[in-house]
K.L.:
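What follows is a structure written as structure tokens; I'll ask about it next.
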Number of protein chains: 2
Amino acid sequence: MVIRLLLADDQALVRGALAALLDLERDMQVVAQVGRGDEVLEAVRSTSPDVCLLDIEMPGRDGIGVLEELREQAMPTRCLVVTTFGRPGYLRRAMDAGARGFVVKDTPAPELAEAVRRVHAGVRVVDPALATESLIGGPNPLTEREREALRAALDGSPVQVIAGRLYLSPGTVRNYLSSAIGKTGTSTRVEAAKFAEDRGWL
Amino acid sequence: MVIRLLLADDQALVRGALAALLDLERDMQVVAQVGRGDEVLEAVRSTSPDVCLLDIEMPGRDGIGVLEELREQAMPTRCLVVTTFGRPGYLRRAMDAGARGFVVKDTPAPELAEAVRRVHAGVRVVDPALATESLIGGPNPLTEREREALRAALDGSPVQVIAGRLYLSPGTVRNYLSSAIGKTGTSTRVEAAKFAEDRGWL
DNA sequence: GCGTGGCCATGACGTCTGTCACCGCTGTCG
DNA sequence: CGACAGCGGTGACAGACGTCATGGCCACGC
């Protein structure tokens with residue numbers, strides 16, 4: 001009656017350390033570890049774990065994408081997202097994408113095992129502090145196009161380059177960015193992009 | 001004859017997991033864990049560990065600052081920096097600040113214990129891939145003022161704001177940023193700032 | 001049917017940005 | 001001493017940026 005676990009985290013050290021920690025629990029067993037998002041599905045297929053621990057930021061495919069992929073394939077595995085600092089927007093998107101739990105790596109270690117047990121039992125687990133932060137942050141006011149423009153503006157690229165990446169006219173891009181600047185209460189597109197990114201709006 | 005360890009990492013889960021991993025080694029014992037940079041010195045004083053594992057990004061005081069502090073206080077502890085993805089500039093600055101080793105969290109777990117042993121034995125340990133990356137990155141071509149201007153430009157602030165923070169004329173700031181843009185081969189200040197940050201030039 | 005809102009675009013406007021030339025001042029090194 | 005590099009500033013200029021008004025197109029809801 002052990003809970004079979006899969007760990008997905010790009011940092012090998014963290015992954016191995018988490019495995020060591022969870023393997024100490026008598027009712028848990030780590031049956032697979034992967035370092036890339038696009039390796040999760042295959043690992044789930046071959047080992048059929050009870051619970052997946054997913055990081056958000058991974059090469060290959062990010063945690064949100066993995067959740068969507070697992071749901072599309074109707075895999076019975078329940079997923080607990082374990083990620084670095086709480087971007088409230090990630091919480092919303094992760095739960096929408098099918099996550100059964102969401103905790104940050106800053107939580108005390110003993111709580112993780114308990115969160116795994118609750119997820120395995122079918123209970124949804126969300127870090128309470130994150131949940132409140134997510135509510136006060138409010139919903140995402142940006143349109144899809146505004147988000148795309150902001151994502152492309154994150155690195156400071158000129159409007160012409162952004163327009164090229166989005167196959168849009170430079171004027172249109174400037175309009176979207178101007179709108180996003182207004183909605184975020186900032187004064188430059190880079191500030192708006194960072195503001196939105198911090199809230200997980202991108 | 002066990003190696004006494006102190007762990008400093010802001011993510012409680014990672015910290016606890018690393019402790020679990022390293023405590024499995026017969027010749028190691030974790031004697032202290034802290035989650036903030038400004039708690040390291042006191043912990044070192046009270047537990048006098050043989051080796052410190054330091055993260056770079058921590059609240060309170062970053063890893064580089066901790067290294068400088070420990071050296072100022074002439075603490076005999078040897079420090080191994082264990083951080084997320086390799087910013088070559090961090091490597092250089094960490095070693096200059098007194099680190100005895102530098103590895104990324106992406107390294108295979110078994111190598112960490114070995115790195116700890118080598119640091120404890122007085123050998124300097126540097127991830128080979130990072131060392132080469134640090135060399136090809138070349139030296140930092142930016143002047144002190146250019147770095148300050150870039151740091152203040154990282155969030156996309158307008159020149160006026162940057163000038164206010166640096167107590168400089170807007171024109172001067174523009175000149176520094178223009179110079180930095182030229183040196184980095186970029187075309188906007190935000191791109192230049194990100195470019196420099198990636199190389200640890202800030 | 002008609003208002004609403006997102007999408008895409010254009011044009012005009014004023015401001016900000018990036019570049020360049022040039023100034024003086026301070027050190028430092030041959 | 002003169003050459004040189006960094007620091008701080010000014011002025012001018014082309015181009016980029018942010019704002020606004022306006023237009024057409026489409027989908028949705030009352």
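All figures in this text were calculated on a predicted structure; none of them were measured in a lab. So that the names make sense, note that chain A is the first sequence line, chain B the second, and so on, each numbered from 1. Note: hydrogens, waters and symmetry copies are ignored here, and every other heavy atom, side chains too, is used.
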K.L.:
Here's a test for you: under side chain to side chain contact (heavy atoms under 4.5 Å, CB included), which of A/L22, A/V34, A/V14 qualifies with A/L7?
P.N.:
A/L22
K.L.:
Please determine, for the side chain of A/T172, which listed nucleotide (D/dG8, C/dT10, D/dG18) has the closest atom?
P.N.:
C/dT10
K.L.:
Rounded to whole angstroms, how far apart are CG on B/L142 and P on D/dA5?
P.N.:
17 Å
K.L.:
When all nucleic acid strands are considered with a 4.0 Å heavy-atom cut-off, which category describes B/S169: base, sugar-phosphate, or nothing?
P.N.:
sugar-phosphate
K.L.:
When the distance from CD of A/E144 to P of C/dC7 is rounded to whole Å, what number comes out?
P.N.:
8 Å
K.L.:
How long is the line joining CD of A/Q160 and P of D/dG15, in whole Å?
P.N.:
11 Å
K.L.:
Centre of A/Y167's six-membered ring, under 6.0 Å away, within 45 degrees of the axis: is that where NZ or CZ of A/R165 sits?
P.N.:
no
K.L.:
Using whole Å, report how far CG of B/L150 lies from P of C/dG18.
P.N.:
11 Å
K.L.:
Classify B/R174 by what it touches in the nucleic acid, base, sugar-phosphate, or nothing, heavy-atom distance under 4.0 Å.
P.N.:
base
K.L.:
B/Y167 side chain N/O closer than 4.0 Å to the phosphate oxygens (OP1, OP2) of D/dG8?
P.N.:
no
K.L.:
Under 4.0 Å between any heavy atoms, over every strand shown, what does B/T143 touch: base, sugar-phosphate, or nothing? Just pick one.
P.N.:
sugar-phosphate
K.L.:
Taking any heavy-atom pair under 4.0 Å as a contact, classify B/S178: base, sugar-phosphate, or nothing.
P.N.:
base
K.L.:
Does the ring of B/F195 carry B/R199 above it, NZ/CZ under 6.0 angstrom from centre and within 45° of its axis?
P.N.:
yes
K.L.:
Can you tell me the distance, in whole Å, between the CG atom of B/L177 and the C1' atom of D/dG8?
P.N.:
14 Å
K.L.:
Measure from the side-chain heavy atoms of A/R145 and tell me the nearest of D/dG8, C/dC7, C/dT17.
P.N.:
C/dC7
K.L.:
Whole angstroms only, please: what is the CD-P distance between B/E191 and C/dT17?
P.N.:
15 Å
K.L.:
Send over the distance from A/I162 CD1 to C/dC8 C1', rounded to a whole Å.
P.N.:
16 Å
K.L.:
Indicate yes or no: at least one non-hydrogen side-chain atom of A/V40 is less than 4.5 angstrom from one of A/V44.
P.N.:
yes
K.L.:
Among D/dG9, C/dG18, C/dC7, which nucleotide sits nearest the side chain of B/R189?
P.N.:
C/dG18
K.L.:
Give the rounded distance in Å between these two atoms: OH of A/Y176 and P of D/dC17.
P.N.:
18 Å
K.L.:
Determine, for B/E39 against B/R61, whether the closest basic-nitrogen to carboxylate-oxygen distance falls under 4.0 angstrom.
P.N.:
no
K.L.:
Toward the 5' end of DNA chain D, which comes first, B/L168 or B/P141, by nearest nucleotide?
P.N.:
B/P141
K.L.:
Picking from D/dT10, C/dC7, D/dT19, which would you name as closest to the side chain of A/N175?
P.N.:
D/dT19
